[in-house]
Amino acid sequence: MKKFHISLPEDFSFSECRWFLDRGFDDCVHRVSGERIIKALQLDGRELLVEMTEGWGQLEVRILQGQADEKNVGLLSAYIREWMDMDRDLSPFYTLLKKDKRLAYMTEDYKGLRLMGIVDLFESLAWSIIGQQINLKFAFTLKRRLVEKYGKSISHGGETFHLFPDATMLAEATVEDLRPLQFSGSKAAYLIGLANTFARGELSREALLSLPDRERRLQALMKVKGIGVWTANYCLMKSLRDPSGIPHGDTGLLTALANHGVIRDRKELAKIDRFFSKYKGWESYLVFYLWRSLAVKPVG
DNA sequence: CGCCAGGAGTGGA
DNA sequence: TCCACTCATGGC
């Protein structure tokens, strides 16, 4: 089987989602090319190269490389639905946005934008550690260097598509290995420590999900050196799909809130809490849309 | 050159 | 519990 379709839910815009994946940055774990998204991924131990386009009101998925039986296709379909958060009804969120004159425009300008996730928990944690306290452009540069050095790749049509390295590969690295890639000493140590934590089986998606509530999951994540409140919330929202994650301390979020007149200076934490209290159950989406507002979409 | 960037750990009060 | 300090480096 080389091709299949996923029916699109209401309030789903493939072009908005696709644009977000690119938005002017060089993200090495997928490629946006014209109308297409191409991504290399690993499912059930198999490496696949997948192309996604929109056609006839459906998401069309082509397997460009790799063998996929019926089981893999099922997994792949589930993966994409999860990645693009397709099984969610956004209408309650849009109803909330429309109540705020400062944000109502988002329901039109970003209509159908889904919270694009990072399905793999280790990848989401590693990526957020990479992105701590440095600008995003540089963060993507660091990620590419790491991925090109430690990750597998798939060649297709003269191009190379990378997979994010899994924990066992990074667990072998040393701080001295990463320093030449311009990782700071602490960033390198955090990453390697995280990889070892995963490699030893001390942290996993299943283990986190088995915990009773988000507070316990936050605590479990923050036991790992290098994972603070920002990273823990970010990963709960991007990887575990926690709807109520607010990455406190996020400088981009503060900028967006100031841009929209929600806060005047960046220290009004109580004001931010009050603001988010109106979005119970949709905090993560609100954060995501606020981040979206920071990127300037070119006209046309 | 200075400030900022989708923070976190540490140590002292 | 809460602040100040430190780390570290590219982007602008």
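Below, all heavy atoms of this structure are taken into account, side chains as well, without hydrogens, waters or symmetry copies. Numbered from 1 within each chain, the chains take letters A, B, ... in sequence-line order.
A:Lys187 comes within 4.0 angstrom of nothing in the nucleic acid, heavy atoms only. Heavy atoms of A:Arg145 sit nowhere under 4.0 angstrom from any nucleic acid atom. Among the protein residues, A:Ser186 comes within range of no part of the nucleic acid, since none of its heavy atoms lies under 4.0 Å from any strand. Residue-level contact check: A:Ile134 touches the bases, meaning some heavy atom is under 4.0 Å from a base atom. As judged by a 4.0 angstrom heavy-atom cut-off over every strand, A:Val287 is placed among residues making no nucleic acid contact. Contact annotation for A:Leu254: no contact, since no heavy-atom pair falls under 4.0 Å across all strands. Residue contacts shown for A:Gln132 are limited to sugar-phosphate atoms, with no base heavy atom under 4.0 Å away. Contacts of A:Ser128 with the nucleic acid, taken as non-hydrogen atoms under 4.0 Å apart, are absent.
Nearest-nucleotide assignment on DNA chain B puts the 5′-proximal partner with A:Thr255, out of A:Thr255 and A:Gly226.
The side chain of A:Lys225 contributes an N or O atom lying less than 4.0 Å from OP1 or OP2 of B:dT10.
Note: A:His30 and A:Trp83 have tilted aromatic rings, judged against thresholds of 30 and 60 degrees for the angle between ring planes.
Nucleotides C:dG10 and B:dG9 are separated by 22 Å at their C1' atoms, to the nearest Å.
For A:Leu286, the side-chain contact (heavy atoms from CB on, under 4.5 Å) partners at least two apart in sequence or on another chain are A:Phe93, A:Leu97, A:Leu103, A:Phe275, A:Phe276, A:Tyr279, A:Leu290.
Of the candidates C:dA8, C:dG10, B:dG7, the closest approach to any side-chain atom of A:Phe138 belongs to C:dG10.
Checked by atom type, the side-chain pair A:Glu54/A:Ser15 shows no donor-acceptor distance below 3.5 Å. Defined by atom type and a distance below 3.5 Å, a donor-acceptor pair is present between the side-chain atoms of A:Glu283 and A:Ser244.
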